[in-house]
Amino acid sequence: MAEEKGKKLIEGLIVKMKSSKKLELGVYGGLALLCLLLCFGGGEDKGEEPAVQLTSAVSDVDRLEQRLMDTLSCVRGAGKVKVMITYDTGSEIVPAMNMDVTSSVSVSGENQTRTESSSPVTTYQNGENEAIVLMEKEPTIRGVIVVAQGAADISVKLKLQAAVQAVLGVDAQKVEVLEMGIEGMEE
């Protein structure tokens, strides 16, 4: 019984949507908004956010290594390739800051004091004050190891090293290209 009412309701909505473009757009807009809320987690517990951000940073590093491996393995003669990137620092978030400067001068003009203070600029969202982020600095790369089947060929080795330097913007001394051993080929 309830199933039949639900079917009739949906059929009636479909008939009305076909006759009215405004209603059709409104329904599709509502569905899109619902999908966005579900995808981007409206009303989540704020205590879980740092773990999500950490996971995101780790997955960005893994994604960069994977993209680099996929690209380098396309170089003629490279064969199977593995990449490891190490970092000196983590990513750094630079917040917008308010600068407050207070100066005072004595009546005689002899004593002067100047006080400077800064505090992050915040915005009120979801019941909390959140800092406004100006930019996020990428982590500093310490070094890169590329292990490739074809690295015994000097021209392949130089092409792989040049590609890593171009993509990551690092000096040649930070990139080491090595020939893959038998153990690495089995995986």
Side-chain angles (χ1 to χ4, degrees), residues 35-36 38-42 44-103 114-126 128-187:
C35 287
L36 285 173
L38 290 174
C39 289
F40 295 109
E44 289 181 354
D45 182 7
K46 294 295 176 190
E48 295 179 16
E49 277 189 27
V52 170
Q53 290 174 353
L54 178 61
T55 303
S56 175
V58 170
S59 66
D60 287 346
V61 169
D62 291 341
R63 204 174 345 197
L64 176 61
E65 286 181 356
Q66 186 61 50
R67 287 179 61 201
L68 194 53
M69 278 191 296
D70 293 344
T71 303
L72 294 177
S73 65
C74 294
V75 173
R76 179 178 290 165
K80 185 176 177 182
V81 176
K82 291 190 175 188
V83 174
M84 183 174 89
I85 304 171
T86 58
Y87 298 91
D88 277 334
T89 61
S91 58
E92 180 183 345
I93 295 174
V94 179
M97 299 296 281
N98 274 334
M99 295 296 291
D100 296 322
V101 178
T102 306
S103 297
R114 180 181 165 120
T115 307
E116 293 182 16
S117 65
S118 62
S119 61
V121 178
T122 60
T123 182
Y124 188 76
Q125 291 181 349
N126 300 326
E128 292 185 7
N129 281 330
E130 295 180 12
I132 295 176
V133 176
L134 289 179
M135 71 173 146
E136 186 172 344
K137 294 181 181 178
E138 295 297 319
T140 305
I141 295 174
R142 177 183 302 146
V144 182
I145 295 176
V146 177
V147 182
Q149 287 176 329
D153 182 344
I154 191 69
S155 67
V156 172
K157 186 174 190 171
L158 292 173
K159 286 177 188 176
L160 293 173
Q161 184 177 29
V164 171
Q165 287 177 256
V167 169
L168 300 178
V170 295
D171 296 330
Q173 65 264 21
K174 290 188 174 189
V175 180
E176 190 65 43
V177 180
L178 306 168
E179 183 180 4
M180 187 176 286
I182 295 170
E183 295 82 25
M185 292 182 201
E186 293 172 355
E187 291 178 20

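Just so we're clear, the structure is a prediction, and the values are computed from it rather than from any experiment.
- Of all non-hydrogen atoms in Lys80 and Gln149, the two that sit nearest each other are N-OE1, 2.8 Å.
- Taking NZ from Lys157 and CD from Glu179, the interatomic distance works out to 9.0 Å, rounded to the nearest 0.5 Å.
- At distances below 3.5 Å, not a single donor-acceptor pair connects side-chain atoms of Asp171 with backbone N or O atoms of Gln173.
- Rounded to the nearest 0.5 Å, atoms CG (Asp88) and CZ (Arg142) are 4.5 Å apart.
- The residue from Leu72, Leu178, Val147, Val175 that alone fulfils the side-chain contact (heavy atoms from CB on, under 4.5 Å) condition with Leu160 is Leu72.
- Here the straight-line distance linking atom CG of Asp70 with atom CZ of Arg63 works out to 13.0 Å at 0.5 Å rounding.
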- Would you please test Leu64 and Leu168 for side chain to side chain contact (heavy atoms under 4.5 Å, CB included) and show each step? CA-CA 10 Å; Leu64 176 61; Leu168 300 178; 4.0 Å; yes
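- Leu68 is listed as a side-chain neighbour of Ile85, based on a closest heavy-atom distance under 4.5 Å.
- Put simply, the side chain of Val81 does not reach to within 4.5 Å of the side chain of Val75, judged on heavy atoms.
- Nearest heavy atom pair, residue Ala148 against residue Ala78, reads CB-O, 3.7 Å.
- Put simply, CE on Met84 and CD on Glu65 are 8.0 Å apart, with the number rounded to the nearest 0.5 Å.
- For the atom pair CZ (Arg67) and CG (Asp62), the distance works out to 13.5 Å, reported to the nearest 0.5 Å.
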